[in-house]
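In what follows, chains are A, B, ... by sequence order, proteins preceding strands, each numbered from 1.
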2 protein chains.
Amino acid sequence: MAKTGERSRAAAGSVLDGLHFALDRSSPVPLYYQLAQQLEAAIEHGALAPGNLLGNEIDLSTRLGLSRPTVRQAIQSLVDKGLLVRRRGVGTQVVHSQVKRPLELSSLYDDLEAAGQGPTTRVVRNERVPASADVAAALGTAEGAEVTLLERLRSAHGQPVAFLCNYLPPALLDLDSARLEATGLYHLMRLAGITLHSARQTVGARAANAEEAALLAEREGAALLTMRRTAYDDTGRPVEYGTHIYRASRYAFDFQLLVRS
Amino acid sequence: MAKTGERSRAAAGSVLDGLHFALDRSSPVPLYYQLAQQLEAAIEHGALAPGNLLGNEIDLSTRLGLSRPTVRQAIQSLVDKGLLVRRRGVGTQVVHSQVKRPLELSSLYDDLEAAGQGPTTRVVRNERVPASADVAAALGTAEGAEVTLLERLRSAHGQPVAFLCNYLPPALLDLDSARLEATGLYHLMRLAGITLHSARQTVGARAANAEEAALLAEREGAALLTMRRTAYDDTGRPVEYGTHIYRASRYAFDFQLLVRS
DNA sequence: GAGTGGTCTAGACCACTAC
DNA sequence: TAGTGGTCTAGACCACTCA
């Protein structure tokens with residue numbers, strides 16, 4: 001079949017025709033990942049607008065000099081991120097919403113930093129204590145076993161925002177208070193080679209008691225946002241248990257969910 | 001090489017040797033999905049215990065009569081669910097934690113039903129109204145365009161738990177109040193062929209005003225959990241915007257996060 | 001050095017959608 | 001009927017981990 005006239009329906013889409021993708025086969029970065037990143041950049045940059053069809057995978061793969069599975073892997077990763085939608089018999093198109101970041105295991109420090117709030121941290125306690133029953137249950141250790149207790153007061157713009165109480169398994173990590181005041185706990189854990197994998201969270205609210213009110217510069221009875229979390233590394237072992245309280249007047253959880261297919 | 005003695009290191013793992021997997025090639029269910037389901041069942045059932053190695057993918061694929069990519073696809077889907085961990089040079093093993101359900105786009109009705117709380121719903125309002133500025137922005141319609149306003153009071157054990165205020169784009173769905181009292185909004189949307197895909201949520205807290213306190217049988221000033229959400233379908237179009245308030249004394253959000261690789 | 005998962009190829013057939 | 005994504009195969013080479 002000659003090339004002329006073969007794009008009866010495909011003519012509607014294929015915004016990719018005008019785009020250039022630079023694939024470096026000598027790079028250690030996987031080809032599918034290079035492609036995914038460039039597609040994502042094109043979407044973010046607006047070269048691929050919401051609703052645009054990507055054109056079929058076969059054409060794309062021959063044009064890029066890749067196999068179809070490799071192209072599919074790139075596309076699939078963006079589908080998983082919620083940036084693209086595939087429809088059998090139709091094609092792959094850019095999602096219509098202005099969805100930005102997917103959900104992250106939220107680190108308050110990162111949240112505040114991303115919001116340009118210049119967070120500061122004061123370490124109130126950083127010591128070894130015997131595990132209480134609930135801490136032992138969460139961390140999977142024996143009751144009374146030594147764990148690290150960490151209490152931090154986090155502020156932004158000179159105003160307290162949250163009081164963070166965390167428990168860590170023994171010997172997981174040595175926590176330097178100075179470093180803890182300069183960055184977030186999760187960042188230090190990553191630096192120590194711990195790969196966070198999942199977390200179980202409970203978010204609720206309650207009124208502040210006198211002590212909490214004093215800590216957070218609120219009046220007694222003010223609404224507090226509470227969060228209790230157990231975080232697990234990539235082997236499924238608990239690496240952190242924390243109970244946090246936030247001034248509801250100054251902080252809210254903001255996140256995006258992707259529905260599991 | 002003879003088969004004898006070839007399992008120098010593999011002997012440690014391969015708990016799968018004793019397991020039987022029934023793959024039906026005539027079934028419309030994809031092979032990788034059949035395998036994934038049976039692996040998941042084996043993990044849940046305890047036949048595959050945390051820490052167990054699965055044995056290498058090549059052996060598994062030849063034993064099952066599948067190609068390696070197909071086996072990988074099955075394994076990958078469980079890795080995505082957080083049930084398995086892959087380590088290059090080591091193998092694939094069952095995660096150590098007692099992780100149950102992944103994160104869902106939480107429907108309060110489903111949450112309560114799953115907790116065996118026998119939820120009941122009273123539809124307070126169900127009518128067409130012009131969109132205010134914030135509703136129009138969230139739903140991507142014009143300000144003043146007609147949208148559906150839905151106000152519901154949800155109770156469990158005869159006690160009010162939450163007041164739900166939702167806005168839906170015009171002509172998306174006809175909402176029968178009787179059906180809304182029998183099930184959840186998301187369930188009705190699924191029945192209408194709407195595939196929920198993602199949502200952006202903000203969870204915060206504040207003190208109840210007099211009106212809210214009366215609705216929820218709390219005293220004025222009691223802590224309320226608040227949630228504002230915009231939900232999108234699989235094309236990225238907004239299909240629902242809601243502002244919910246929950247009695248913090250009777251409800252908390254409980255969910256699990258998976259960290260994106 | 002042996003074994004593992006990570007990546008990639010070049011095909012194939014099928015189910016679904018739209019015209 | 002033509003075009004799309006969904007699934008599947010049978011290989012290949014590489015990077016990493018561990019003994």
Side-chain angles (χ1 to χ4, degrees), chain A residues 1 5-14 16 23-36 52-80 84-93 193 195 234-235 261, chain B residues 1 5-14 16 23-36 52-80 84-93 193 195 234-235 261:
Chain A
M1 183 193 293
E6 78 178 44
R7 315 178 65 231
S8 51
R9 279 180 57 212
S14 270
L16 260 55
L23 299 173
D24 178 5
R25 297 191 97 95
S26 69
S27 162
V29 179
L31 292 171
Y32 80 89
Y33 194 80
Q34 295 183 37
L35 177 55
N52 281 171
L53 283 167
L54 250 61
N56 77 55
E57 298 170 348
I58 314 275
D59 282 0
L60 188 53
S61 57
T62 59
R63 192 141 48 85
L64 294 174
L66 297 175
S67 69
R68 187 185 168 205
T70 302
V71 171
R72 274 184 67 80
Q73 192 173 1
I75 292 178
Q76 186 59 47
S77 72
L78 297 185
V79 170
D80 291 341
L84 297 177
V85 191
R86 284 206 240 236
R87 297 172 178 281
R88 177 151 38 177
V90 179
T92 303
Q93 53 185 312
T195 308
D234 55 2
T235 69
S261 59
Chain B
M1 183 192 289
E6 79 179 51
R7 316 179 64 228
S8 51
R9 278 178 59 212
S14 270
L16 260 56
L23 299 173
D24 178 5
R25 297 191 98 96
S26 69
S27 162
V29 179
L31 291 171
Y32 79 88
Y33 194 80
Q34 295 183 36
L35 177 55
N52 281 171
L53 284 166
L54 250 61
N56 77 56
E57 299 171 348
I58 313 275
D59 282 359
L60 188 52
S61 57
T62 59
R63 194 140 48 84
L64 295 173
L66 297 175
S67 71
R68 186 185 167 203
T70 302
V71 171
R72 274 185 67 81
Q73 193 173 2
I75 292 178
Q76 186 59 48
S77 70
L78 297 185
V79 170
D80 290 343
L84 297 177
V85 191
R86 283 206 243 236
R87 296 173 178 282
R88 176 146 50 173
V90 178
T92 304
Q93 51 184 317
T195 307
D234 55 1
T235 70
S261 61

message: With a 4.0 Å cutoff (strictly under), does any side-chain N or O of A:Arg86 reach OP1 or OP2 of D:dG6?
response: yes
- prompt: Any side-chain N or O of A:Arg72 under 4.0 Å from OP1/OP2 of D:dG6?
  reply: yes
message: Under 4.0 Å from OP1 or OP2 of C:dT7: is there any side-chain N or O of A:Thr70 that close?
response: no
- prompt: To the side chain of A:Ser67, which of D:dT9, D:dC18, C:dA10 is closest?
  reply: C:dA10
- request: For A:Asp24 and C:dC8, give me the distance from atom CG to atom C1', rounded to whole Å.
  value: 16 Å
field: Phosphate-side-chain proximity, A:Tyr32 and C:dC8, N/O vs OP1/OP2 below 4.0 Å
entry: no
query: Once you round it to whole Å, what is the distance between P of C:dT17 and CG of A:Leu53?
result: 16 Å
- request: To the nearest 0.5 Å, tell me how far B:Arg86 CZ sits from B:Leu78 CG.
  value: 9.5 Å
- request: Compare every heavy atom of A:Val29 with every heavy atom of A:Gln34, then report the nearest pair and how far apart it is.
  value: NE2-O, 2.9 Å
query: How is B:Ile58 classified with respect to the nucleic acid when contacts are heavy atoms under 4.0 Å: base, sugar-phosphate, or nothing?
result: nothing
message: Please tell me if A:Arg25 has a side-chain N or O lying less than 4.0 Å from either OP1 or OP2 of C:dT9.
response: yes
task: For the pair B:Leu66 and B:Arg25, evaluate side-chain contact (heavy atoms from CB on, under 4.5 Å) and give the outcome as yes or no after the intermediate values.
output: CA-CA 11 Å; B:Leu66 297 175; B:Arg25 297 191 98 96; 4.0 Å; yes
- request: Nearest 0.5 Å please: distance from the CD atom of A:Gln73 over to the CG atom of A:Leu35.
  value: 10.5 Å
field: Nearest-Å distance for atom pair CD/C1', residues A:Glu57 and C:dG11
entry: 15 Å
message: To the nearest 0.5 Å, what is the distance between CG on B:Asp80 and CG on A:Asp80?
response: 6.5 Å
query: Given atom CG of A:Asp59 and atom P of D:dA2, what is their separation to the nearest angstrom?
result: 16 Å
Side-chain N,O (B:Thr92) to OP1/OP2 (C:dG5) below 4.0 Å: yes
task: Rounded to the nearest angstrom, tell me the gap between atom CD1 in B:Ile75 and atom C1' in C:dG6.
output: 13 Å
field: For atom CD of A:Gln93 and atom P of D:dT4, their distance in whole Å
entry: 14 Å
message: Measure CG/B:Leu60 against P/C:dT4 and give the value in whole Å, please.
response: 12 Å
query: Want to settle it: does A:Arg68 or A:Gln73 sit nearer the 5' end of DNA chain C, counting the closest nucleotide to each?
result: A:Gln73
message: What's A:Pro69 touching, base or sugar-phosphate or nothing? Going by heavy atoms closer than 4.0 Å.
response: base
- prompt: According to a strict under-4.0 Å criterion, is B:Asn56 in side-chain N/O contact with OP1 or OP2 of C:dG3?
  reply: no
Distance in angstrom units between A:Leu66 CG and C:dA10 P, rounded: 10 Å
task: Could you tell me whether the side chain of A:Arg88 has a donor or acceptor atom within less than 3.5 Å of a complementary atom in the base of D:dG3?
output: no
